[in-house]
There are 4 protein chains.
Amino acid sequence: MTLIPPTRLKPRKNPVQARAKATVDAIFEATAQVLLSEGLARLTTNHVATRAGVSIGTLYQYFPGKEALLYALVEQLLDQVACQIEEACAAAERPTLDDCAALFVETYFAAKTGDPEKARALYLASSHLEMSALVSRTIVRLQDAAAQMLRRCPEVRAAPPDEVVTCWVAVVTGGTRQILEDTNSAMLLPGFHIELTRLSSAYLRSAFSSGPKRSDG
Amino acid sequence: MTLIPPTRLKPRKNPVQARAKATVDAIFEATAQVLLSEGLARLTTNHVATRAGVSIGTLYQYFPGKEALLYALVEQLLDQVACQIEEACAAAERPTLDDCAALFVETYFAAKTGDPEKARALYLASSHLEMSALVSRTIVRLQDAAAQMLRRCPEVRAAPPDEVVTCWVAVVTGGTRQILEDTNSAMLLPGFHIELTRLSSAYLRSAFSSGPKRSDG
Amino acid sequence: MTLIPPTRLKPRKNPVQARAKATVDAIFEATAQVLLSEGLARLTTNHVATRAGVSIGTLYQYFPGKEALLYALVEQLLDQVACQIEEACAAAERPTLDDCAALFVETYFAAKTGDPEKARALYLASSHLEMSALVSRTIVRLQDAAAQMLRRCPEVRAAPPDEVVTCWVAVVTGGTRQILEDTNSAMLLPGFHIELTRLSSAYLRSAFSSGPKRSDG
Amino acid sequence: MTLIPPTRLKPRKNPVQARAKATVDAIFEATAQVLLSEGLARLTTNHVATRAGVSIGTLYQYFPGKEALLYALVEQLLDQVACQIEEACAAAERPTLDDCAALFVETYFAAKTGDPEKARALYLASSHLEMSALVSRTIVRLQDAAAQMLRRCPEVRAAPPDEVVTCWVAVVTGGTRQILEDTNSAMLLPGFHIELTRLSSAYLRSAFSSGPKRSDG
DNA sequence: CATGAATGAGCATTCATTCAT
DNA sequence: AATGAATGAATGCTCATTCAT
């Protein structure tokens, strides 16, 4: 994450003492907790400070405002997902297309559904306009990871076209979000996982398998 | 849309005089405008009333509160999309799988990208918990429309499995959302449209075709 | 009731047509109903008009404002009580002191406890500063009625002293109010009635019975 | 006063710093002042805050709302009266009936008429439904104090009947209220005091003395 | 006369943020 | 560094009252 966030979103100071580090961690953790337990609307700085066990004054010593808290939280959560994907993709040395499909879907799913409530909270928080650059950047990381994995795939001879990678990543991440956000379809998660893998395989094969397939698209 | 929303989300009274009708329309339109121009956080009842050119009291004569305003807006926008999809799907009499894929994606895309800003506003508004039932219901309508179209498809012999329809609809709607919300990928819309159609074709064929039916695609 | 209320408390026009009379009565009755069922805080002009089955505009044709409604209501209710007392006292031709005590307490009690809820509502409404003159005037009527009855009493040789009449009336009306307003002592009403009569007898005898009693007070 | 008020009527937090204590006192005092000078209808939280010289936010740091302010005020004022009565009654060791009458009336009168305007404000505030339990409880305290004093009275052989105590207390408190609330009879206070004492003596004697014990009064 | 749509001042309350201690 | 009391702009909402139809 080498983003350069607007000044007012950057933490005010980097804690140097151990005590200060602990304080920042507590505030940070409390932000996540409150977001999960109360929702975005009830996420107030005073509430976060109380939950963190520090005074509101202390909170403002480290974060210039409410947005900065959210920014840091979203940044961390998105980074976790991106790192997991990047690691998993990098670990696949000579994957088949089906391997690629299964690996990507599997890893993304695990990252998101391991704590579905956290995922929903993240979706909520990232709706803020301020976060869109952060989300954008994460998507690029996922696309890059996927593209490099595909390039190492024997079935894919050239660099995978951007449109294909973009579409695939959008469909996996967006589809998963759709399912996670719809409380009514929470039961369908396992089935969706299977179908999303099949869908990915089918799409990647149609895009990359032998023959001049892309010319008829 | 035959939902029965909680009382506090229903409009307070139906205007009887012509003047009142115009007022309600103005308020309604202003809600959409403010949501688009200011975002959900800046959507205040006073702001909406001002934009609508009426007093705050007048707004509360027709809507019991801010949530009701949003509810009505989301209801209308979702209903528009669902109706377009339902009509388009119903009009396809003996579609091929590729027809199904193209038709659904095409219609959904047209509905969403005809006014992309409105679509983004809708995404924003619908992240409110109160709206989730509304969104859920709309998804069901899309799934039903898709399922019935597939059933009329000669290549599909039985009723299409729920998981397939759920996955397909989630992937199309969620993927589109992902692209629309990411300001960086706004340029990629046409390419995404093509790929999403290809993806849909590939997935539907893999789900429904028993053999290498690609020759009739 | 020959009070001269402030202009803004007087009804705006005296209805001459029969329809208008019915309208005024309906508004008036609705005011009482709303006060009883909703309390003073929820007594709104719009609510009253709706309950009366007329438009808010019509209400304002007859009453210059909310206060005027309350004023008229309180006036009527107080007048009813005063009239009952006046009639009962005037009907006693040669009462004993015990007759006086029993008659006054009995009549006041009957007037107030016949509809205890109405009485409580009246107490509420009359807390308004604007109503104090009205209450004052009613008290004077009760005092006059009591004084004239006592003067016709053979045991009372001179005109009853003002302090005695004032105290007696205050104690009967105030004591009754205390009991009626205390929801916990609602059960004690019959017992209180008996005691209040005994108290009145004892007080009047101590004030008026033969012997130079007042000189030692 | 060991009542357990509903949460929303209890103060929000106990001030720990000296500055905070002063703030709470100022708010509290301002509430009384505004109630006295403006009446219940004009008692607004903003008005109170302004009068107290603090911001509206500060007020809400200590009181959860307008009702809590009133509740605290009424509680304090009623408690003062009850404590004075309890002390005075407890101090009478072997009182005659006339002593009882004089003591109770004297003490109650002193408590109420020491600051007649405050007393009127209290009557206003206590007409709120929420306060009725508080008033009820105070009345019980007065009744208990009076009953225990009477029991120590040589002329009263058994425990005084509830009806008598209830009636007496109601008549003293209610009669006093009647006089205090009637601006026209404000001049009569001293005369009323004398008469109320005479009335109390006469009632207590009629209730407790077996014969004509007037000779020892 | 009656209607009811429209008004807007006013109120209760929240919460991000500052600053003296 | 940490505290927490204080701030006050901003928000959702009510309701007495007016006036064009």
Side-chain angles (χ1 to χ4, degrees), chain A residues 13 15-17 19-20 23 41-50 54-69, chain B residues 13 15-24 41-50 53-67 69, chain C residues 13 15-17 19-20 23 41-50 54-69, chain D residues 13 15-24 41-50 53-67 69:
Chain A
K13 51 183 165 187
V16 288
Q17 301 182 2
R19 181 175 54 154
T23 300
R42 300 261 179 256
L43 181 85
T44 72
T45 51
N46 284 277
H47 199 146
V48 168
T50 301
V54 301
S55 73
I56 181 64
T58 299
L59 186 152
Y60 273 87
Q61 299 249 339
Y62 294 102
F63 296 92
K66 185 190 184 179
E67 299 288 324
L69 277 174
Chain B
K13 63 178 174 187
V16 291
Q17 299 184 2
R19 182 173 53 148
K21 180 65 168 53
T23 299
V24 170
R42 302 257 181 261
L43 182 83
T44 70
T45 50
N46 284 279
H47 202 143
V48 168
T50 302
V54 301
S55 75
I56 181 63
T58 298
L59 185 153
Y60 276 91
Q61 293 237 343
Y62 298 102
F63 296 91
K66 182 190 182 177
E67 302 285 322
L69 233 33
Chain C
K13 51 182 164 186
V16 289
Q17 300 182 3
R19 182 176 54 155
T23 299
R42 301 259 180 257
L43 181 85
T44 71
T45 51
N46 284 279
H47 199 147
V48 167
T50 302
V54 301
S55 73
I56 182 63
T58 299
L59 186 151
Y60 273 86
Q61 297 252 336
Y62 294 101
F63 296 91
K66 185 189 184 179
E67 299 287 324
L69 277 174
Chain D
K13 64 178 173 186
V16 291
Q17 298 184 1
R19 181 173 54 147
K21 180 67 168 51
T23 299
V24 170
R42 302 258 182 259
L43 182 85
T44 70
T45 50
N46 285 280
H47 202 144
V48 168
T50 303
V54 301
S55 74
I56 182 62
T58 299
L59 186 151
Y60 275 89
Q61 293 237 342
Y62 298 101
F63 297 91
K66 181 189 185 179
E67 302 284 322
L69 233 34

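Letters A, B, ... mirror the listed sequences (proteins, then strands); counts begin at 1. Since we're looking at a predicted model, the values are computed, not measured.
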About how many Å separate [atom2] of [Y] and [atom1] of [X], when rounded to the nearest 0.5 Å?
X	Y	atom1	atom2	value
D/Tyr60	D/Thr45	OH	OG1	3.5 Å
C/Thr23	C/Leu59	OG1	CG	10.5 Å
B/Lys66	B/Asn46	NZ	CG	11.0 Å

- Heavy-atom pair with the smallest gap, counting every atom of B/Ala20 and B/Tyr62: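 Shortest heavy-atom contact: CB-OH, 3.2 Å.
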- What are the two closest non-hydrogen atoms of D/His47 and D/Arg42, and how far apart are they? ND1-O, 3.8 Å
Would one find a side-chain N or O of [X] under 4.0 angstrom from OP1 or OP2 of [N]?
X	N	answer
D/Thr45	E/dA12	yes
B/Tyr62	E/dA6	yes
B/Thr23	E/dA5	no
C/Thr44	F/dT14	no
D/Tyr60	E/dT14	no
C/Ser55	E/dG4	no

- State the dot-bracket string of DNA chain F. Criteria: Watson-Crick or G-U wobble, both atom distances under 3.5 angstrom; notation: ( ) intrastrand, [ ] crossing earlier pairs, | interstrand, . unpaired. .||||||||||||||||||||
Atom-to-atom span, [atom1] of [X] to [atom2] of [N] - whole angstrom:
X	N	atom1	atom2	result
C/Leu59	E/dG4	CG	P	14 Å
D/Lys66	E/dT13	NZ	P	9 Å
B/His47	F/dA10	NE2	C1'	13 Å
D/Glu67	E/dC11	CD	C1'	13 Å
A/Asn46	F/dT3	CG	P	14 Å

- Describe the nucleic acid contact of C/Leu43 in one word from base, sugar-phosphate, nothing, applying a heavy-atom distance below 4.0 Å. sugar-phosphate
- Query: With sugar-phosphate meaning primed atoms plus P, OP1 and OP2, does B/Gly65 contact a base, only sugar-phosphate, or nothing at under 4.0 Å between heavy atoms?
  - Reply: sugar-phosphate
- Hey, which sits more toward the 5' end of DNA chain E by its nearest nucleotide, B/Gln61 or D/Ile56?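 Final value for this comparison: B/Gln61.
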- Query: Taking the side chain of D/Thr58 as heavy atoms from C-beta outward, which of F/dG4, F/dT7, F/dC13 is closest to it?
  - Reply: F/dT7
